[in-house]
Amino acid sequence: DCAQGRSSPAGSTTCSSCAAGKMISEDGSCTSCPAGFAQKEQNKPFCEQCGKTSKGETSAEGASLCLFCDSGRYQTSPGVCSACEAGKYQDGKGAKQCKSCPVDTYLADEGKSSKADCGACPTERSTGTAVGNIDLTACLCKRQEYYQDGDGNCLTCPKGGDCSASDGLILANVTAKIGYWKYEADSSTFAACKVFLSKEDAEARCVGGNNTNVTNVKDFNPNNQCLFGYGGPSCMACIDDYVTANGKCVSCPGGGLFFSALVPMLSSCALLFLIVLVFILRGASSKSTDTDSARLKRLKRMSKLFGQMKILLSLVQIIASMPSVITGVDFSPFFREMSNIFSILNFDVLSFSGMMSCSMSVRFFAKFLIHMMLPIGCSVAILAAWAIARVCTSKQNITKRTQINEAVIKVFILIILLLFPGLSTKIFQVWKCTSVAGMEGQYLVQDYNITCGQGEHVTYLILAVGFLLLYIVGIPLTMFVLMFR
């Protein structure tokens with residue numbers, strides 16, 4: 001008898017051959033080649049596995065030939081073809097792997113056979129460098145141009161913001177570019193530091209954010225956007241243990257001290273005392289034999305000279321105060337530097353004190369109080385010089401005493417008039433506030449750590465009103481009364 005799967009015609013002495021697609025088993029029967037295997041010849045004891053070559057192949061059960069994996073499929077193991085996964089396609093036959101959809105595309109379905117099946121991301125979105133993306137969620141808002149809000153929408157990167165860290169960047173991780181500053185992590189408003197500083201200083205102070213890994217907006221520190229030592233709105237103030245010296249924040253452990261800042265003012269008053277004392281004693285001790293007419297002419301010439309000098313000095317005082325009282329004008333660095341130098345002519349005795357000792361560099365309100373004390377200190381110095389000169393002059397020398405009185409009055413008027421522009425500038429600076437982009441309220445231009453209309457600023461506004469009446473109104477009014485009399 002012939003084995004199973006084989007037969008012989010009547011009268012034949014041999015059994016039929018195993019056909020192609022089959023193999024001879026151990027018992028001599030013919031068995032179909034399993035799926036993934038094939039045999040193209042007859043009477044073979046084995047089937048050859050498909051996919052052993054460089055091509056991906058498969059076959060059905062009992063196949064005599066291996067067939068290439070169809071498009072949209074690839075060989076996962078010898079003789080087995082499977083559909084391409086989502087995110088991939090295969091546009092050829094006999095492949096052993098699928099092709100990934102390129103960047104900025106995605107593919108959700110399996111078994112696709114064309115690159116055209118990969119859907120494109122919207123124009124404002126990108127997959128970055130990722131390929132083989134399976135759905136639209138892989139399309140993130142493009143870096144540089146956009147950031148992503150809480151609802152997944154793409155919004156244009158704000159001016160001054162740096163959205164280059166990654167695709168799909170959230171607002172909290174959008175940092176400030178050099179020359180810009182923002183108040184809160186989730187703020188889309190970036191303040192341009194050059195509004196308050198020169199372009200060079202703005203880029204030097206506002207160095208940009210480094211908070212690209214903020215996961216909690218409470219961890220955001222706006223001072224990290226500033227050169228170390230600087231802080232406050234738009235990096236316009238100094239942080240703790242730093243003080244302002246020559247327009248820059250310098251290290252000063254403990255900060256400035258009020259009583260240390262009094263030293264320059266008291267020293268100036270002491271120097272004024274010595275100058276006035278020498279002036280009135282020398283002037284009064286003159287033994288000139290000039291007649292009253294000649295003496296009167298000499299006094300007129302001196303008065304004219306003093307008047308001309310006072311006009312010139314007043315012009316310099318006004319120019320020196322311009323950068324500190326005028327807003328909206330981009331003064332050149334040279335002009336600002338020269339104004340800072342000539343601010344000493346406004347009797348701003350603390351303008352350079354920070355260069356001598358950082359402990360003398362104090363907050364604006366402390367400077368304000370010391371400046372308001374300056375007319376009192378000068379008056380005391382002049383009165384002390386007058387008193388000593390009177391003591392050193394005989395009571396019988398009425399002419400000399402009269403000369404002393406006249407000299408003291410002229411010196412007193414001259415000093416008060418010289419102090420007047422600086423006093424006016426300092427008083428009005430208490431009201432000079434400005435807004436900062438992205439922040440509520442306004443801030444004192446002379447000290448951006450101070451919020452206008454709140455706390456101690458209200459107290460100093462009241463003081464400023466008092467000093468305005470005393471000095472800005474009182475000095476011209478007193479001069480008018482003296483001239484009228």
Side-chain angles (χ1 to χ4, degrees), residues 265 268-269 271-273 275-277 279-280 283-284 292-293 295-322 324-326 339 342-349 351 367-387 389-390 398-399 401-432 446 460-485:
M265 191 271 285
S268 300
C269 292
L271 179 62
L272 178 64
F273 163 76
I275 294 174
V276 172
L277 181 61
F279 174 75
I280 59 179
D292 290 343
S293 176
R295 179 171 171 269
L296 182 61
K297 289 181 179 179
R298 187 172 69 253
L299 289 175
K300 285 183 177 181
R301 287 197 299 270
M302 292 180 63
S303 297
K304 182 178 180 180
L305 179 62
F306 272 116
Q308 293 171 339
M309 290 178 62
K310 178 63 181 70
I311 292 173
L312 179 61
L313 187 58
S314 296
L315 175 62
V316 176
Q317 287 177 313
I318 292 171
I319 294 175
S321 64
M322 288 172 63
S324 62
V325 296
I326 298 178
S339 298
F342 285 111
S343 64
I344 192 67
L345 297 179
N346 277 324
F347 285 82
D348 189 356
V349 294
S351 57
K367 292 181 180 179
F368 170 77
L369 290 177
I370 292 173
H371 204 127
M372 295 303 105
M373 294 166 62
L374 188 58
I376 299 174
C378 291
S379 299
V380 171
I382 294 172
L383 289 176
W386 172 78
R390 294 271 295 182
I398 299 176
T399 300
R401 287 200 164 203
T402 301
Q403 292 176 350
I404 290 174
N405 292 340
E406 291 177 352
V408 167
I409 291 173
K410 289 180 179 180
V411 169
F412 182 80
I413 293 175
L414 176 63
I415 293 300
I416 293 300
L417 291 178
L418 288 175
L419 290 176
F420 184 75
L423 291 169
S424 302
T425 298
K426 192 66 70 174
I427 290 172
F428 284 115
Q429 283 176 346
V430 178
W431 277 279
K432 188 181 179 184
Q446 297 302 315
Y460 280 90
L461 282 176
I462 297 173
L463 288 174
V465 171
F467 286 120
L468 185 148
L469 295 175
L470 177 63
Y471 293 138
I472 299 180
V473 176
I475 291 175
L477 185 61
T478 301
M479 295 300 172
F480 173 77
V481 171
L482 292 175
M483 292 176 64
F484 182 77
R485 293 180 61 184

Supply the atom-to-atom distance I413 CD1 to L418 CG, rounded to the nearest 0.5 angstrom. 12.0 Å
I need the K426 NZ to Q429 CD distance, nearest 0.5 Å. 5.0 Å
Shortest non-hydrogen contact from I404 toward A389: CD1-O, 3.8 Å
Taking the side chain as C-beta and beyond, is there a heavy-atom pair between M479 and L417 under 4.5 Å? yes
Close side-chain approach of W431 to V465, heavy-atom, < 4.5 Å: yes
Please tabulate, one pair per line, all N/O donor-acceptor pairs under 3.5 Å involving side-chain atoms of residues 375-386, not counting sequence neighbours.
from : atom 1 : to   : atom 2 : distance (Å)
S379 : OG     : P375 : O      : 2.7
W386 : NE1    : N405 : OD1    : 2.8

Going by heavy atoms in the side chains, are I427 and F368 under 4.5 Å from each other? yes
The reported gap from NE2 in H371 to NZ in K367 (rounded to nearest 0.5 angstrom) is 12.0 Å
Rounded to the nearest 0.5 Å, what separation is found between the CD1 atom of I472 and the CZ atom of F428? 4.0 Å
Output the distance between atom CE (M265) and atom CE (M373), rounded to the nearest 0.5 Å. 4.0 Å
Just wondering, do Y471 and M372 contact through their side chains at under 4.5 Å, heavy atoms? yes
Separation of L414 CG from L419 CG (nearest 0.5 Å): 9.5 Å
Check whether Y460 reaches the backbone of L369 with its side chain - one donor and one acceptor, N or O, closer than 3.5 Å. no
Determine the minimum heavy-atom distance between L469 and V473, stating which atoms define it. O-CB, 3.5 Å
